[in-house]
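As structure tokens, the structure follows; a few thoughts come after it.
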Amino acid sequence: MIQRTLSIVKPDGVRKGVIGQVVSRFEKAGIRIVAMQMRQLNRKDAEGFYAVHSERPFFGELCEFMTSGPVVVMVLEGEDVIALNRELMGATDPKKAAPGTIRADFADSIGENIAHGSDAPETAAVEIAWFFRGLDIVS
Ligand code: CMP
């Protein structure tokens, strides 16, 4: 099934200069990028986006990190792209991520893990709408 998912290159990915390498992995996997923007999140943006994690002990740290520099937010489109993106990223904890995945290759820690990807169709729809209006996405 053709799906869409939200991808974020987090502040550590931008600082390390690996935006291009992350995007390149998506393109090599046949994924289409149908929307893309660079933006600096403020505290409210980060807290709203990660609201499902608000009760977690790492919530404050997560929001601090996500506002520590610009991020690149993308809508990815393709066959089963939600799972494919998660496969390309690897496990949340880079120490557990399979070799050759984005997080295994570029990430330092579970908190600073280079990339975010929606985990299911419902969350993808909510997360895409958080950042993009319909008109901002090409078809
Ligand atoms: P992400 O896929 O963006 O969704 C929630 C994020 O919380 C996750 O990636 C991690 O970067 C972060 N996270 C998860 N567990 C921890 C943790 N134990 N400590 C700090 N951050 C975490």
Side-chain angles (χ1 to χ4, degrees):
M1 203 209 334
I2 300 289
Q3 298 174 324
R4 284 177 175 174
T5 191
L6 187 85
S7 167
I8 304 179
V9 178
K10 297 184 181 185
D12 55 337
V14 176
R15 275 194 286 272
K16 287 181 175 177
V18 298
I19 300 167
Q21 292 189 68
V22 172
V23 170
S24 174
R25 287 174 186 222
F26 295 154
E27 291 182 328
K28 282 185 184 136
I31 292 171
R32 286 183 298 279
I33 292 152
V34 294
M36 183 184 239
Q37 60 175 223
M38 176 174 265
R39 53 188 302 171
Q40 170 68 51
L41 304 185
N42 63 31
R43 187 80 189 190
K44 250 187 166 166
D45 298 329
E47 288 177 354
F49 180 75
Y50 279 121
V52 292
H53 296 302
S54 62
E55 300 305 315
R56 306 278 195 98
F58 56 81
F59 184 64
E61 194 185 316
L62 174 62
C63 294
E64 193 66 33
F65 167 61
M66 289 301 289
T67 58
S68 68
V71 296
V72 176
V73 190
M74 288 171 270
V75 179
L76 309 182
E77 186 180 81
E79 188 69 27
D80 287 325
V81 75
I82 296 171
L84 176 56
N85 178 40
R86 292 176 70 79
E87 202 178 301
L88 293 172
M89 289 192 297
T92 305
D93 183 349
K95 289 199 243 28
K96 295 180 186 151
T101 58
I102 290 167
R103 286 164 171 162
D105 288 349
F106 303 126
D108 291 331
S109 67
I110 191 164
E112 307 207 357
N113 64 355
I114 298 283
H116 167 82
S118 312
D119 62 2
E122 302 72 35
T123 42
V126 172
E127 291 181 2
I128 289 169
W130 183 264
F131 285 107
F132 296 98
R133 297 180 310 150
L135 287 173
D136 297 325
I137 303 172
V138 301
S139 53

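The structure presented is a predicted model; accordingly, all values stated were derived computationally and were not measured. Just follow the structure's listing: the first ligand is 1, and inside any ligand the first atom is 1. For this chain, numbers begin at 1 and follow the sequence in order.
Within the structure, ligand 1 has Arg103 among the residues with a heavy atom less than 4.0 angstrom away. Using a non-hydrogen distance threshold of 4.0 Å, Tyr50 registers as a contact of ligand 1.
No donor-acceptor contact under 3.5 angstrom links the side chains of Arg4 and Ser118, judged on distance only.
Counting only heavy atoms from C-beta outward, the side chains of Met74 and Val72 approach each other to under 4.5 Å. Between Phe26 and Val81 the shortest side-chain heavy-atom distance does not fall below 4.5 Å. Using a 4.5 Å heavy-atom cutoff, the side chains of His116 and Met66 are not in contact.
Here the straight-line distance linking atom NE2 of His53 with atom CZ of Phe58 works out to 5.5 Å at 0.5 Å rounding. The CD1 atom of Ile31 sits 13.0 Å away from atom NZ of Lys28, with the distance rounded to the nearest 0.5 Å.
Of the protein's non-hydrogen atoms, Ile110 O, 2.8 Å is the one closest to atom 11 (O) of ligand 1. Ranking protein heavy atoms by distance to atom 6 (C) of ligand 1, first place goes to Leu62 CD1, 3.8 Å.
At least one donor-acceptor pair closer than 3.5 Å links the side chain of Asp136 to the backbone N or O of Arg133.
Per-residue contacts place Asn113 under 4.0 angstrom from the following atoms of ligand 1 (heavy atoms of the residue considered): 9 (O), 10 (C), 11 (O). Counting the atoms of ligand 1 from 1 in the order shown, those under 4.0 Å from a heavy atom of His53 are 4 (O), 5 (C). Listed by number with element, the atoms of ligand 1 under 4.0 Å from a non-hydrogen atom of His116 are 1 (P), 2 (O), 3 (O), 4 (O).
With Phe58, Phe65, Phe59 as candidates, the residue nearest to atom 16 (C) of ligand 1 on a non-hydrogen basis is Phe58. Of the candidates Met89, Met66, Arg56, Lys10, the one placing a heavy atom closest to atom 9 (O) of ligand 1 is Lys10.
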